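These notes concern the structure reproduced below.
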Amino acid sequence: MPLTAEFRKMIEENIHEIILSIPTLKQEYPKLKQEWKFEHEYDFLYGVVIGQILGSTMAAFKLAYKRQATSEEMLMIGEIIESYFPLIRETIS
């Protein structure tokens, strides 16, 4: 089942909101580094951002469609998210 245009728009808006939160996340980095004991800021921030996007998107899918995404739908969602990887990397750097 293809994703609706409305759901695709919602995913993209969500991704943009999360990307806008990256500067705030970077400000919290020293505190997070001390608490979580990680070494590489870029990798940590990238993982956090992608995790937020995936988690919120899958939750939104379940709310919108009242079921889990199929493998095909998960691939479609992944392609949308993946198209934002360059922007996410640029914003973190």
Side-chain angles (χ1 to χ4, degrees):
M1 173 180 205
L3 302 174
T4 64
E6 182 179 306
F7 186 74
R8 285 175 156 298
K9 183 175 187 266
M10 193 270 321
I11 291 173
E12 293 183 352
E13 288 172 355
N14 181 53
I15 291 170
H16 283 284
E17 289 297 318
I18 291 172
I19 289 171
L20 288 173
S21 75
I22 290 173
T24 302
L25 186 60
K26 287 175 84 166
Q27 288 178 339
E28 295 294 315
Y29 172 74
K31 178 183 170 192
L32 296 171
K33 183 174 183 174
Q34 185 178 8
E35 290 176 10
W36 288 35
K37 313 278 188 249
F38 57 86
E39 293 183 30
H40 305 287
E41 176 182 9
Y42 177 87
D43 292 340
F44 176 79
L45 294 173
Y46 192 75
V48 167
V49 169
I50 298 302
Q52 286 179 335
I53 290 169
L54 285 170
S56 60
T57 299
M58 297 318 294
F61 184 95
K62 193 168 184 180
L63 285 170
Y65 293 93
K66 311 284 190 262
R67 61 178 174 78
Q68 298 291 338
T70 65
S71 297
E72 184 181 326
E73 289 163 336
M74 289 177 80
L75 284 173
M76 286 187 266
I77 290 167
E79 287 173 3
I80 294 167
I81 294 170
E82 199 173 310
S83 72
Y84 284 89
F85 284 1
L87 179 58
I88 293 166
R89 287 187 197 106
E90 182 183 315
T91 305
I92 292 172
S93 296

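Below, each value reflects all heavy atoms present in this structure, side chains not excepted, and no hydrogens, waters or symmetry copies. Just so it is clear, the structure is predicted and the values come from calculations on it, not from any experiment.
Considering only heavy atoms from C-beta on, Ile11 stays 4.5 Å or farther from Phe61 through its side chain. Contact annotation: the side chain of Ile88 approaches that of Ile53 to within less than 4.5 Å [non-hydrogen atoms, C-beta and beyond]. Between Leu3 and Ile80, the closest side-chain pair of non-hydrogen atoms falls below 4.5 Å. Between Ile81 and Leu54 the shortest side-chain heavy-atom distance falls below 4.5 Å.
Scanning all heavy atoms of the two residues, the minimum distance from Glu73 to Gln68 falls at OE1-O, 4.3 Å. In this structure, Lys26 and Thr91 approach most closely via the heavy-atom pair NZ-O, 4.0 Å. Here the closest heavy-atom approach between residue Ala69 and residue Met58 is recorded as CB-CE, 3.6 Å. Between Ala64 and Phe7, the shortest heavy-atom contact is CB-CD1, 4.1 Å.
Taking a cutoff of 4.0 Å between a charged side-chain nitrogen and a carboxylate oxygen, Lys9 and Glu13 qualify as a salt bridge.
Interatomic distance, CG of Leu20 versus CD1 of Ile15, reported as 12.0 Å (0.5 Å rounding). The distance from the CD atom of Glu72 to the CD1 atom of Ile77 is 11.0 Å, given to the nearest 0.5 Å. Here Ile50 contributes atom CD1 and Glu82 contributes atom CD; the two are 9.5 Å apart, rounded to the nearest 0.5 Å.
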Q. When you look at Thr4 and Tyr65, which way does the side chain to side chain contact (heavy atoms under 4.5 Å, CB included) test go after all the steps?
A. CA-CA 10 Å; Thr4 64; Tyr65 293 93; 3.4 Å; yes
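Checking each of Leu25, Asp43, Ile92 against Val48 for a side chain to side chain contact (heavy atoms under 4.5 Å, CB included) leaves exactly one that passes, namely Leu25.
Clustering ILVMFWY residues whenever any of their side-chain heavy atoms sit less than 4.5 angstrom apart, transitively, puts Ile22 in the very cluster that holds Tyr42.
Environment of CE in Met74: sparse, with no more than 12 heavy atoms of neighbouring residues, nucleotides or ligands closer than 6.0 Å.
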